[in-house]
Amino acid sequence: MNYNFLEIEKKWQKFWKTNKTYKVGFSSKPKLYVLDMFPYPSGAGLHVGHPLGYIASDIYSRFKRHNGFNVLHPQGYDSFGLPAEQYAIKTGQHPKKTTLDNINMYRNQLDRIGFSFDWSREIRTSDPNYYKWTQWIFILMFNSFYCSIDNKAKNIENLISSFNKEGDKMYRDKLTDLGYSFNNLEWNDFNPKKKSEILMNFRLAYLTDGEVNWCEELGTVLANDEIINGVSERGGHPVTKRKVKHWCLRISKYSERLLNGLDKINWPDPLKEMQRNWIGKSKGVSINFKIENSNKSIEVFTTRPDTIFGVSFLTIAPEYTDISDLSSSENKLVIEKYLSEVLKKSERDRLSDVKTVSGVFSGSYAIHPFNGNKVPIWISDYVIASYGTGAVMGVPAGDQRDFDFAKKFQIDIPNIFKNIDISNSAFSDKTGFKLINSEFLDGKDYNESIEIIINEIENKNIGKSKIQYKLRDATFSRQRYWGEPIPIYYKDGIPQNIDLDNLPLKLPEVDNFLPTKNGDSPLGNSKAWAWSEKDKKVTSNDKINDIDTFPIELNTMPGWAGSSWYFYRYMDPTNNENFVSEDSQNYWSDIDVYFGGSEHATGHLLYSRFYQKFLYDLKFLNKDEYAKKLVNQGMILGNSAFVYRKSGTSEYLSKNLISDIKVDKIRIDIKYVEGEDHLNFDLLKKDDKDFKNSKFILEKDKFLCLREQEKMSKSKFNVVNPDEICNQYGADTLRMYEMFLGPIEQSKPWDTRGISGVHSFLKKFWNLFFKEGKINLSSEEPSKESLKSLHKTIKKVSEDIEKLSLNTCISSFMICINELSSLNCNNRLILEDLLVLISPFAPHFSEELWSQIGNSKSIVDEKYPDYEEKYLVESEKAYPVSFNGKTKFTLNLSLDLNHQEIEKAVLSNEKTKSILNNNIPKKIIIVPGKIINIVI
RNA sequence: GCUUCGGUGGCGAAACUGGUAGACGCGCUGGAUUCAAAAUCCAGUUCCUUUGGGAGUGUGGGUUCGAUUCCCACCCGAAGUACCA
């Protein structure tokens, strides 16, 4: 019988579906939660890169199930998002419909690969029964503040009652900075609007003013990555800044805990490092500089207070609030010109143009707090308003940016480092210097001076130690249609949340998915988007004039709102009373292994940790990290650059022939001699620098370019569809081949040529069971060799799956089957164990043979075989005999021999004698069971 | 610039805590089978070589009886981040 994978795979996929083989529930077995990052169902469908992580997690899940675990292995869809909406704008189709179509397509593709997902737990973030809870969490955040005393989130009622009882006492510093000061009586007298305004500074989900990128032509707000060189990526239209009220999440309050939590989770170090950098903790000092002839001062933040005597200027950001107070009248015009130039530039421009030093003198001076010098105050865009205090002290001797700035504007560069030349560049090391020209710090190094100066600053009461984080609060509003509505309405301008009982607040129907003419989000196009307080439901807009009907927030939530907590919903996907029941949470607890790409390091993987900690603070969750272990699978790269031969000519065309989308035609003049498999690229036109230094290899009708291997994506025309592979070789071959490509976390190129090796391995395995088309197994006692081969494989595979070294598992299987083939092994006991062993990798294949050899139950719950040491014991070892570390020959010796006996045996060997050539060895190193090394 | 991860045959890659470098697969070469092809099977395949050997894991040093593995310096590539004071 032939290995008819198409038939077999269809049969077992159907079997699993009808028998609900992969449905899990509570059980007395130990639980294991294995999760993949859920996909965004795009119109392009899956390519062979997508399932890489899913296959690995599936193998791991099935392996653990064989080992007696109750494995939760769910899947769902991150189905809100921009592409669906853009497609809707283009074609007029409702995103709901296109999303559903895409989900169905994805499901078909996924089903063909034979995953053990429990689809009864499927979730979709765009489903109102799901996003009800996404909205619910937002409301919790809106009604919470971060208590700096207990260092955790609490209900805002606690803060209100503190204001009621003792006024601003609890947060006096913060409130004073914000310009508020009140006692309890005054608080009670404040009108609701003022109260709301004050509380807004504490809520974890809060409304604030901020700039967004607005593209008039497209009538939409654009994200930073949709703008290139100050114009829109699509169409090249100008983009301006617009101040808009929007929602933010106060994630910055969790900076320290997000940082510390990394130490207790088993996530890849590079990814943790990325999160640490992103959070960007730095310890420093804030220092006040008095402004000359003014009672105001400028507060700067520095991590190098030891260099304070090197200050020769201060710089403030162009957005600095008190800028007009500082501008002297004669400088006003120049300053205004500079500011308008800078503020006109897009943020992207400002950030990308790092090399140009620009700035303008404000006309004012500050007083150095220690030596009393007059220090000019400059304005420059190299200072960022939103970091630190928006002002820095310029120490040209110790900071390269300050140095460049001082050089350009001919500001003093006082040297404060003994015997260090700073004529060409600043000296920014923290070691290897002693201070000079620094009064009481003279002769001190970094560690000594930093301690002294911080004390001094705090004693003089001109500043204090401060910890600064780069992590900013997360903007939460999106001027989009296809996202979760923000469950807020505005009563006399005061934001009110919709009651939890009245969720979900469903996305309204609109007749146009574009933003409205005045720049409001597409929800503004809805005719029924008002909240009736009396009826507690959404109602028609024309009722807004009624006394108890109010406008609803028009923005929607960002993509990561739904994905920040989804892993809990799988535990209890249909619960209508709770986002997850206590029982479910207690049983499934947290994710044991989470598979996904590292591109989410500072997005999803950070936001979800923040959500976790927030829900933990409010005691809705009982852990403060949600995933014990994270595995980043690498990308599968495609060959992007093809050169196609134009039939009948010696002309070659690149890329564009693969797609109907017009790409710039690159015509390459090359010399190609019939019969050669390489192209000579010396003859390339000089402007084809894309293909310079490339090597091309002929494959079928196209040349593969060996230089350009990049991420698979539809826009690069380099996708390989898994369906094609399933049709040609079967899902089991696809699964094994993807694992065989290399280590899971590594990026690797896709090369279809290699797939035949894995496929013929499966055929070879299959053939062991048959003789003349019929199952033919022997029930005799297995031979010693076959048992050894089997148990060697059991040991290696079990260990390697646990380490997720799946590529080496496939190698071991191949070695084993090669050995059994040459032994002509058809022993039932051996082959049965092997079927179970390989079933996580090739589930259809094993189910089929398992049933053909007479088993009636599915193989998925069979106990994974244990290896027995006794079959692996060796009596002899082929010792490598080296001379000065170079192996010359091997020598078979019994493992029973002791040190002296080995030495004797080696020295009496003829080969040893001839290599020694009568020299006496200086030393003989013998590691029993390993090596023999003779030093001459 | 900074942070992190990599660099091993023609290619994807193995090598456990330092102990026979290149397992396994692809590709290639030769052979068997076949009218022929596919499929399958067998042998070979790091490089150089005067067939004795010699060199070899990005480069240069170091530690060691012994280094792909540990240490130092450098080169190259990928990813992330970037006037973060």
Side-chain angles (χ1 to χ4, degrees), chain A residues 268-278 280-282 284 300-304 307 315 317 350-357 380-384 386-395 398-402 404-405 428 468-472 598-599 601-602 632 634-635 637 695 697 706 709 737 740-743 745-758 760-761 763-764 767 796 799-800 803 805 807-816 818 821 878-890 921-927 929-936:
Chain A
D269 286 332
L271 189 132
K272 288 192 194 178
E273 208 49 41
M274 270 193 234
Q275 292 207 345
R276 287 193 190 103
N277 288 339
W278 190 259
K281 179 178 183 174
S282 46
V300 301
F301 173 75
T302 179
T303 54
R304 293 295 304 275
T307 64
T315 316
R350 234 175 104 177
L351 294 181
S352 62
D353 187 16
V354 178
K355 281 165 214 112
T356 331
V357 178
S380 172
D381 66 352
Y382 84 84
V383 178
I384 300 172
S386 50
Y387 181 78
T389 58
V392 300
M393 59 183 213
V395 184
D399 184 289
Q400 194 55 43
R401 291 156 307 179
D402 296 345
D404 295 341
F405 194 81
S428 52
Q468 191 68 48
Y469 301 92
K470 282 195 232 172
L471 185 65
R472 311 282 164 81
S598 60
E599 67 269 25
T602 53
N632 286 136
M635 281 182 300
L637 309 171
K695 197 171 154 193
I697 287 188
L706 291 190
Q709 293 198 318
Y737 182 58
F740 188 56
L741 281 174
E745 66 281 0
Q746 213 168 85
S747 290
K748 53 236 154 193
W750 178 260
D751 179 1
T752 313
R753 282 176 303 183
I755 206 162
S756 64
V758 173
S760 48
F761 153 76
K763 277 197 281 190
K764 206 167 172 181
N767 287 332
K796 175 83 175 146
E799 284 171 2
D800 284 0
K803 285 190 291 189
S805 169
N807 53 331
T808 50
C809 291
I810 315 281
S811 300
S812 315
F813 283 129
M814 287 174 168
I815 293 169
C816 180
N818 286 344
S821 291
Y879 277 96
V881 183
S882 358
F883 292 78
N884 294 335
K886 277 276 163 199
T887 309
K888 297 290 177 185
F889 61 91
T890 56
K922 281 188 197 138
K923 203 173 179 184
I924 300 174
I925 283 136
I926 291 165
V927 184
K930 288 237 163 121
I931 52 109
I932 299 164
N933 188 19
I934 299 173
V935 187
I936 313 174

Report which part of the nucleic acid [X] touches: base, sugar-phosphate, or nothing (heavy-atom distance under 4.0 Å, all strands).
| X | value |
| --- | --- |
| S598(A) | nothing |
| S760(A) | sugar-phosphate |
| T890(A) | base |
| I925(A) | base |

Sequence neighbours excluded, which residues qualify as salt bridge (Lys or Arg N to Asp or Glu O under 4.0 Å) partners of [X]?
| X | answer |
| --- | --- |
| K764(A) | none |
| D800(A) | K796(A), K803(A) |
| E799(A) | K795(A) |

Problem set entry | G9(B) glycosidic torsion: syn (within 90° of 0) vs anti |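 Syn for G9(B); the angle stays within 90° of 0.
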Exercise. Which way is the base of G52(B) turned, syn or anti, if we draw the line at 90° from 0?
Worked result: syn
For this session: Heavy atoms under 4.0 Å is the rule here; annotate nucleotides 50-64 of chain B 5' to 3' with B where the base is hit, S where only the sugar-phosphate is, and - elsewhere.
Result: ----S----------
Problem set entry | Side-chain N,O (Y387(A)) to OP1/OP2 (A85(B)) below 4.0 Å | yes
For this session: State whether N818(A) places a side-chain N or O below 4.0 Å from either non-bridging phosphate oxygen (OP1 or OP2) of G25(B).
Result: yes
Output one line per pair: protein atom, nucleotide atom from nucleotides 12-16 of chain B, and distance, for all N/O pairs under 3.5 Å.
{"unit_1": "G12(B)", "atom_1": "O2'", "unit_2": "L741(A)", "atom_2": "O", "d": "2.4"}
{"unit_1": "A13(B)", "atom_1": "OP1", "unit_2": "Q746(A)", "atom_2": "OE1", "d": "3.0"}
{"unit_1": "A14(B)", "atom_1": "OP1", "unit_2": "N807(A)", "atom_2": "ND2", "d": "2.8"}

Problem set entry | Closest nucleotide among A85(B), G80(B), G19(B) to the M274(A) side chain |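 Between A85(B), G80(B), G19(B), the one nearest the side chain of M274(A) would be G80(B).
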Problem set entry | Closest to side chain of Y382(A), choosing from C5(B), C65(B), C83(B) |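 Looking only at side-chain atoms, Y382(A) lies closest to C83(B).
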Between [atom2] of [N] and [atom1] of [X], the distance in whole Å:
| X | N | atom1 | atom2 | answer |
| --- | --- | --- | --- | --- |
| K470(A) | C2(B) | NZ | P | 14 Å |
| N884(A) | C65(B) | CG | P | 11 Å |
| E599(A) | U81(B) | CD | C1' | 16 Å |
| W278(A) | A79(B) | CH2 | C1' | 14 Å |
| Q275(A) | U4(B) | CD | P | 16 Å |
| D381(A) | A82(B) | CG | C1' | 15 Å |
| E745(A) | A79(B) | CD | C1' | 14 Å |
| N277(A) | U81(B) | CG | P | 10 Å |

Problem set entry | Whole-Å P distance, G60(B) and U69(B) | 13 Å
For this session: Taking atom P in both C47(B) and U3(B), compute the distance separating them and give it to the nearest angstrom.
Result: 40 Å
Exercise. Is the base of C84(B) touched by the side chain of R401(A) through a donor-acceptor pair closer than 3.5 angstrom?
Worked result: no
For this session: Check whether any side-chain heavy atom of P880(A) lies under 4.5 Å from a side-chain heavy atom of T887(A), and answer yes or no.
Result: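 Yes. Closest side-chain heavy atoms under 4.5 Å.
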Exercise. Do S811(A) and T808(A) get their side chains close enough for a donor-acceptor pair, meaning under 3.5 Å?
Worked result: no
Exercise. Between V935(A) and R472(A), who's closer to the 5' end of RNA chain B by nearest nucleotide?
Worked result: V935(A)
For this session: Could you provide the dot-bracket string of RNA chain B, using ( ) for intrastrand pairs, [ ] for crossing pairs and | for bases paired to another strand, with Watson-Crick or G-U pairs below 3.5 Å?
Result: (((((((..(((......[....)))((((((.......))))))(((....)))..(((((..]....))))))))))))....
For this session: Please check if the side chain of D399(A) supplies one atom and the backbone of V395(A) the other of a donor-acceptor pair under 3.5 Å.
Result: no
For this session: Assign the ring pair Y737(A) / W750(A) to parallel, tilted or perpendicular, where the plane angle (0 to 90°) is split at 30° and 60°.
Result: perpendicular
